[in-house]
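Quick caveat, the model's predicted, so the values are computed rather than measured.
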Amino acid sequence: MIDDELRSVVTQFVAEMLNDSRCESILLDVGEDARVDSDLPVLYLDVTGKRYGCTLNIVGGEYSVTIRNTGTNETITTVKGREGAWELRELLAEIKTKLWGDK
């Protein structure tokens with residue numbers, strides 16, 4: 001599994017999404033990195049709202065987030081980082097704003 005510090009942030013985010021009626025779908029997958037000779041832990045999370053969707057990938061201690069328009073499946077923004085749990089928590093708060101915002 002992913003780093004304990006990142007895991008707690010993602011667990012809280014998933015719990016919030018599961019309890020939010022605006023969340024239309026959520027997919028969570030964990031395992032090991034598919035790259036050859038790699039046993040890095042991986043987390044894949046996809047959350048979809050009415051207008052926007054978000055995909056979060058964490059491989060080892062690095063993460064990337066993509067926000068997309070659900071109508072066109074066009075990527076709006078992609079963020080990559082490795083700064084730790086605090087930055088990921090701020091990023092997920094931003095994602096919630098995007099997912100449920102009207103902009």
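- Of the inter-residue distances, the one linking Asn69 atom CG with Arg51 atom CZ reads 7.5 Å to the nearest 0.5 angstrom.
- Note: Leu43 CG to Tyr63 OH = 13.5 Å, rounded to the nearest 0.5 Å.
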- request: Show the numbers, then the answer: is there a side-chain contact (heavy atoms from CB on, under 4.5 Å) between Ile26 and Thr48?
  value: CA-CA 6 Å; Ile26 187 167; Thr48 305; over 6 Å; no
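- Residue Ile67 holds its CD1 atom at 9.5 Å from OH of Tyr52, rounded to the nearest 0.5 Å.
- For the pair Leu56 and Leu88, the minimum side-chain heavy-atom distance is below 4.5 Å.
- Using a cut-off of 4.0 Å between Lys/Arg side-chain N and Asp/Glu carboxylate O, Lys80 and Glu62 are scored as not salt-bridged.
- Counting only heavy atoms from C-beta outward, the side chains of Phe13 and Leu45 approach each other to under 4.5 Å.
- Residues passing the salt bridge (Lys or Arg N to Asp or Glu O under 4.0 Å) test with Arg68 are Asp46, sequence neighbours excluded.
- Checked by atom type and distance alone, the side chain of Asp20 never pairs as donor or acceptor with a backbone atom of Glu16 at under 3.5 Å.
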message: Checking Thr66 against Thr77 for the side-chain contact (heavy atoms from CB on, under 4.5 Å) test, could you report, in this order, the C-alpha distance in whole Å, the side-chain angles of both residues, the deciding distance, and whether it holds?
response: CA-CA 6 Å; Thr66 302; Thr77 187; over 6 Å; no
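- Qualifying side-chain contact (heavy atoms from CB on, under 4.5 Å) partners for Ser21, counting only residues two or more places apart in sequence or in other chains: none.
- Annotation: the span from Arg89 atom CZ to Leu92 atom CG amounts to 9.0 Å, rounded to 0.5 Å.
- Between Tyr44 and Ile58 there is no side-chain heavy-atom pair separated by less than 4.5 Å.
- Between Met17 and the choices Ser25, Cys54, Cys23, the side chain to side chain contact (heavy atoms under 4.5 Å, CB included) rule is met once, by Cys23.
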query: Are Val65 and Ile95 close enough, and set up right, to give a side-chain contact (heavy atoms from CB on, under 4.5 Å), and what steps lead you there?
result: CA-CA 9 Å; Val65 176; Ile95 288 167; 3.2 Å; yes
